[in-house]
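Worksheet: one structure, shown below.
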Amino acid sequence: MTSSRNLNRFWEWGRKIICVGRNYPDHAKELKNAVPTEPVLFLKPSSAYVTEGSSIMVPFYSHNLHHEVELGVVIGKGGTAIPQNAAMDHVAGYALCLDMTARDVQDECKTKGLPWTLAKAFNTSCPVSEFIPKEKIADPGNVKIWLKVNGQLRQEGNTSQMIFSIPFLISYISEIITLEEGDLILTGTPKGVSSVQEHDELLAGIEGIVSMKFRVDRPQ
Ligand SMILES: O=C([O-])CC(=O)C(=O)O
Ligand SMILES: [Mg+2]
């Protein structure tokens, strides 16, 4: 890597967070959405990042904040229109991520045909684990991800259930949005999304690789 900045703290780079929605059929179905034939994309700003030790804040305008546990892909080498067969060369590593979603606000946006910004892009909407170097996950298309709220298992899935694979997503996204070193791709969530309240404790993991813990708070 030629950059002097350290990808171990990719969240400090201020680069793009590109999110893929409805990439697991069981989650698309639980929210009564059609299973997509093309990736559904949206963005979060880098101000959405939060790391362990800080709390996830419920946005003041929401009464139904949901967790979505997702595998994140950290880009190590930028590119435009990256072919699928070269896509993994652009990956530096991974992170476990939460795509925190104000579900009530998202439902209203969907009804009104408005963008999801208020539902998905607020401060602390992207909790992330430590950086996981690429070598630590031999097959990112076959890892188990899970999430517990106050000790109760709510989400459990395997990245093998994803509709669009990581190489496909890197290729697809980079044709539309140039990828840069330090960008993060959130690859979508399996079923089991549910509401969290202030004081809840979220524990999430990639089996055998990493776990992370966050508390939920509400601004005073
Ligand atoms: O809000 C949604 O249901 C879409 C999404 O982010 C996901 O599937 O991960
Ligand atoms: Mg999501």
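Whatever order the structure lists ligands and atoms in, that order sets their numbers, starting from 1. Every value quoted in this text rests on a predicted model; they were computed, and no experiment measured them. If you read the sequence from its start, that first residue is 1, and numbering goes on from there.
The protein heavy atom nearest to atom 3 (O) of ligand 1 is His27 NE2, 2.8 Å. Counting only heavy atoms of the protein, atom 5 (C) of ligand 1 lies nearest to Glu68 OE1, 3.3 Å. The nearest heavy-atom contact from the protein to atom 4 (C) of ligand 1 is Gly21 CA, 3.7 Å. Summary of contacts: the protein heavy atom closest to atom 8 (O) of ligand 1 is Arg22 N, 2.7 Å.
Checking Asn64 against Arg103 by side-chain atom types alone, no donor-acceptor pair falls below 3.5 Å. Judged purely by distance below 3.5 Å, without hydrogens or angles, the side chains of Thr80 and Thr178 pair a donor atom with an acceptor atom. Counted by atom type alone, Gln155 and Thr189 present one or more donor-acceptor pairs between their side chains at under 3.5 Å. Side-chain contact, Glu38 with Tyr172: a donor N or O sits under 3.5 Å from an acceptor N or O. Side-chain N/O atoms of Asn23 and Thr187 include no donor and acceptor closer than 3.5 Å. A donor and an acceptor atom, one from each side chain of Ser194 and His67, are located under 3.5 Å apart.
Across all non-hydrogen atoms, the minimal contact from Leu71 to Pro140 is CD2-O, 3.8 Å.
Numbered from 1 in the order shown, with element, the atoms of ligand 1 that lie under 4.0 Å from a heavy atom of Gln106 read 1 (O), 2 (C). Those atoms of ligand 1 with a heavy atom of Glu70 less than 4.0 angstrom away are 9 (O).
A salt bridge does not link Arg15 to Asp183: none of the charged side-chain nitrogens sits closer than 4.0 Å to a carboxylate oxygen. With respect to Lys77 and Glu181, no salt bridge is recorded, no charged nitrogen being found less than 4.0 Å from a carboxylate O. The existence of a salt bridge linking Lys120 and Glu68 is confirmed by a sub-4.0 Å separation between a basic side-chain nitrogen and an acidic carboxylate oxygen.
The part of Arg103 lying near ligand 1 is the side chain, judged by heavy-atom distances below 4.0 Å. Using a 4.0 Å cut-off between heavy atoms, Thr189 contacts ligand 1 through both its backbone and its side chain. At a heavy-atom cutoff of 4.0 Å, ligand 1 is contacted by the side chain of Leu31 but not by its backbone. Heavy atoms of Phe42 found under 4.0 angstrom from ligand 1 belong exclusively to the side chain.
Look at Gly188 and you'll find a heavy atom under 4.0 Å from some atom of ligand 1. Heavy-atom separations between His66 and ligand 1 are all 4.0 Å or longer. Residue Val20 places a heavy atom under 4.0 Å from ligand 1.
The distance criterion of under 3.5 Å between nitrogen or oxygen atoms is not met by Trp116 with respect to ligand 1. Polar contact with ligand 1: absent for Asn23 (N/O pair, distance under 3.5 Å). Here's the thing with Lys120: one of its N/O atoms is less than 3.5 angstrom from an N/O atom of ligand 1.
In terms of distance to the Mg ion (ligand 2), the nearest N, O or S atom of Glu68 is named OE1. Among heteroatoms of the N, O or S kind in Glu70, OE2 lies nearest the Mg ion (ligand 2). The Mg ion (ligand 2) lies closest to atom OD2 when only the N/O/S atoms of Asp99 are considered.
Judged by a 6.0 Å distance limit and a 45° cone about the ring axis, Lys148 is positioned over the six-membered ring of Trp146.
The aromatic ring centres of Tyr24 and Phe164 sit 6.0 Å or more apart.
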